[in-house]
Number of protein chains: 2
Amino acid sequence: MAKNVLPTISFAGLTELLGYQIRQAQTASFRDLAGPFRKLGITPGEFSLLTIIDANMDIRQLDLVRIYGLDKSTLSVAVNRLSDRGMIRRRRLPQDRRNQGLSLTDAGQDLLQTATRIVNDQEDRMKMVISPQELDVLMGALRRIAATLRER
Amino acid sequence: MAKNVLPTISFAGLTELLGYQIRQAQTASFRDLAGPFRKLGITPGEFSLLTIIDANMDIRQLDLVRIYGLDKSTLSVAVNRLSDRGMIRRRRLPQDRRNQGLSLTDAGQDLLQTATRIVNDQEDRMKMVISPQELDVLMGALRRIAATLRER
DNA sequence: TATTGTTATACTCTATAACTATA
DNA sequence: TATAGTTATAGAGTATAACAATA
């Protein structure tokens, strides 16, 4: 009946593409984080948002917009979500009251701490399959690739 | 007035994370493709779909579901879009009429050819900032990282 | 007038659930 | 009953446009 025959799929040149392998690694990373992060109610993007806000007292939304290359409306929505959940505080800055300084609440700091442990655990697992030398190459090469593609 | 002072943003540990750099490279790659691909009316995901269908005569949707780790409904929608545009053909397979074999139309093959040139151009630009040795390390390491994260 | 941010709206991508058809 | 695929629906994530407040 030929029922359990798994078809052999050709990926054509796909697997030889650097862009393809970068994407595969990236989706594997997100899916790996998805489970533990869902319990916390955050996404990888929100983790990085919390990290940057934590490290930059009273950062403005427009600075975050520049960092992420997102539209200001998109960022406003993202900040809303974390703010509604009591993780982020917004305050008008006295120097220029058009700006809103962002900071983490105590609950936000707790959340960040837990999320950071999850991320570090993933990092450890990734580093188990590559050598320290390979790690250096990887970090440098990925940075240069991103930079050159952003140039135009 | 301190108007043109660009604030110095700290990324905390973010830039030392492998997962972060992989994501940065991946979003840079997608954004770089976005412009030329928009003119063709396709996405990077659709490009890879076209490539795999082209290389696998009468492939079934369920095989694609397994490759991509997507839900069958998601894939059905994606195939619909390309089918509505006349790029993909579906035909019931005589061996088992529950299966639909997918193939590219002539227009689909033309589209794939044009998209492939765009992707290859991006690959060339990425390879201009890394050595052949680094390329080897990158491909191998990214493959192993994706594999280990998928294991659980 | 220009800048910072919000809101309404819409589009894409994804999954879940209920369905049809075929086996 | 099980498998392959479709459709309706809903939830993220994103952008555009119109708006409000502040400079």
Side-chain angles (χ1 to χ4, degrees), chain A residues 1-7 23 26-27 30-31 33-35 37-38 40-49 58-85 88-102, chain B residues 1-7 23 26-27 30-31 33-35 37-38 41-49 53 58-85 88-102:
Chain A
M1 278 278 149
K3 275 194 69 172
N4 289 325
V5 176
L6 292 177
R23 175 139 103 112
Q26 201 273 325
T27 62
F30 265 37
R31 283 179 188 173
L33 291 177
F37 268 18
R38 187 161 34 232
L40 295 181
I42 63 168
T43 64
E46 287 173 335
F47 163 72
S48 110
L49 201 50
D58 277 338
I59 190 171
R60 302 172 308 151
Q61 291 188 196
L62 214 57
D63 296 324
L64 292 169
V65 160
R66 288 190 193 111
I67 290 172
Y68 287 110
L70 297 175
D71 190 82
K72 57 191 176 146
S73 67
T74 304
L75 205 94
S76 181
V77 171
V79 169
N80 270 346
R81 208 169 24 226
L82 288 166
S83 173
D84 290 347
R85 292 180 52 210
I88 284 181
R89 206 184 289 113
R90 288 188 240 231
R91 62 178 266 261
R92 294 264 168 205
L93 297 184
Q95 313 92 289
D96 184 335
R97 291 181 40 75
R98 288 173 302 188
N99 295 323
Q100 307 216 42
L102 301 180
Chain B
M1 277 282 151
K3 275 194 66 175
N4 289 324
V5 176
L6 292 176
R23 176 137 103 110
Q26 201 274 322
T27 61
F30 265 37
R31 283 179 189 173
L33 292 177
F37 268 18
R38 188 162 32 233
I42 64 169
T43 63
E46 287 174 335
F47 164 73
S48 110
L49 200 51
I53 291 172
D58 277 339
I59 190 171
R60 301 172 307 151
Q61 291 189 195
L62 214 57
D63 296 324
L64 292 168
V65 160
R66 286 190 195 110
I67 290 172
Y68 288 109
L70 297 175
D71 190 82
K72 57 190 175 148
S73 67
T74 304
L75 206 94
S76 181
V77 171
V79 169
N80 270 346
R81 208 170 23 227
L82 288 167
S83 172
D84 290 347
R85 292 181 52 211
I88 284 181
R89 205 182 292 113
R90 289 189 239 230
R91 62 178 265 260
R92 295 263 168 206
L93 297 183
Q95 312 92 290
D96 183 336
R97 291 183 37 78
R98 289 173 301 187
N99 294 325
Q100 307 214 42
L102 302 180

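Just so it is clear, the values below take in all heavy atoms, side chains as well, and ignore hydrogens, waters and symmetry mates. Proteins get letters first, then strands, A, B, ... in listed order; numbering begins at 1 in each.
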### Message
What I'd like to find out is whether the side chain of B/I53 reaches to under 4.5 Å of the side chain of B/L64, using heavy atoms alone.
### Response
yes
### Query
Taking OP1 and OP2 of D/dT3, is either one under 4.0 Å from a side-chain nitrogen or oxygen of B/R97?
no
### Task
Whole angstrom is fine here: how far is it from NZ in A/K72 over to P in C/dA2?
14 Å
### Task
Return the value, rounded to whole Å, for the distance between atom CZ of A/F30 and atom P of C/dC13.
16 Å
### Query
Is the shortest side-chain N/O distance from B/Q100 to OP1 or OP2 of D/dT6 below 4.0 Å?
yes
### Query
Rounded to whole angstrom units, what separation is found between the OH atom of B/Y68 and the C1' atom of C/dA15?
18 Å
### Whole-Å distance separating the CG atom of A/D96 from the C1' atom of C/dG5
12 Å
### Query
Please give, in whole Å, the distance from D/dT6 P to B/I88 CD1?
11 Å
### Query
Closest heavy-atom contact between A/R85 and A/L40?
NH2-O, 3.2 Å
### Task
Mind checking B/L75 for me? I need base, sugar-phosphate or nothing, with any heavy atom below 4.0 Å counting as a touch.
nothing
### Query
Given that A/L70 and A/P94 both sit by DNA chain D, which one's nearest nucleotide is further toward the 5' end?
A/L70
### Task
To the nearest Å, give me how far apart CZ (A/R92) and P (D/dT22) are.
6 Å
### Query
Is there side-chain contact between A/R23 and B/F30, with heavy atoms separated by less than 4.5 Å?
yes
### Query
A/L49 CG to D/dG13 C1': how many Å, rounded?
13 Å
### Query
Does B/R90 put a side-chain nitrogen or oxygen below 4.0 Å from OP1 or OP2 of D/dT6?
yes
### Message
For a quick test of reading the model: is some side-chain N or O of A/Q95 closer than 4.0 Å to OP1 or OP2 of D/dA23?
### Response
no
### Task
Please report, rounded to the nearest Å, how far the C1' atom of D/dT6 is from the CZ atom of B/R60.
17 Å
### Task
For A/R98 and for A/N80, locate the closest nucleotide of DNA chain C by heavy-atom distance; then report the residue assigned to the nucleotide nearer the 5' terminus.
A/R98
### Query
Within less than 4.0 Å of OP1 or OP2 of C/dC13, is there a side-chain N or O belonging to B/R81?
yes
### Message
Using side-chain heavy atoms (C-beta onward) and a distance below 4.5 Å, is A/R60 in contact with A/L93?
### Response
yes
### Query
Would one find a side-chain N or O of A/S76 under 4.0 angstrom from OP1 or OP2 of C/dG5?
no
### salt_bridge(B/D63, B/R66) N-O dist < 4.0 Å
yes
### Message
Reading DNA chain D from 5' onward, which residue's closest nucleotide shows up sooner: B/L62 or A/T43?
### Response
B/L62
### Query
Contact class for A/D71 (heavy atom, under 4.0 Å): base, sugar-phosphate, or nothing?
base
### Query
Is there a donor on the side chain of A/S73 or the base of D/dT14 sitting less than 3.5 Å from an acceptor on the other?
no
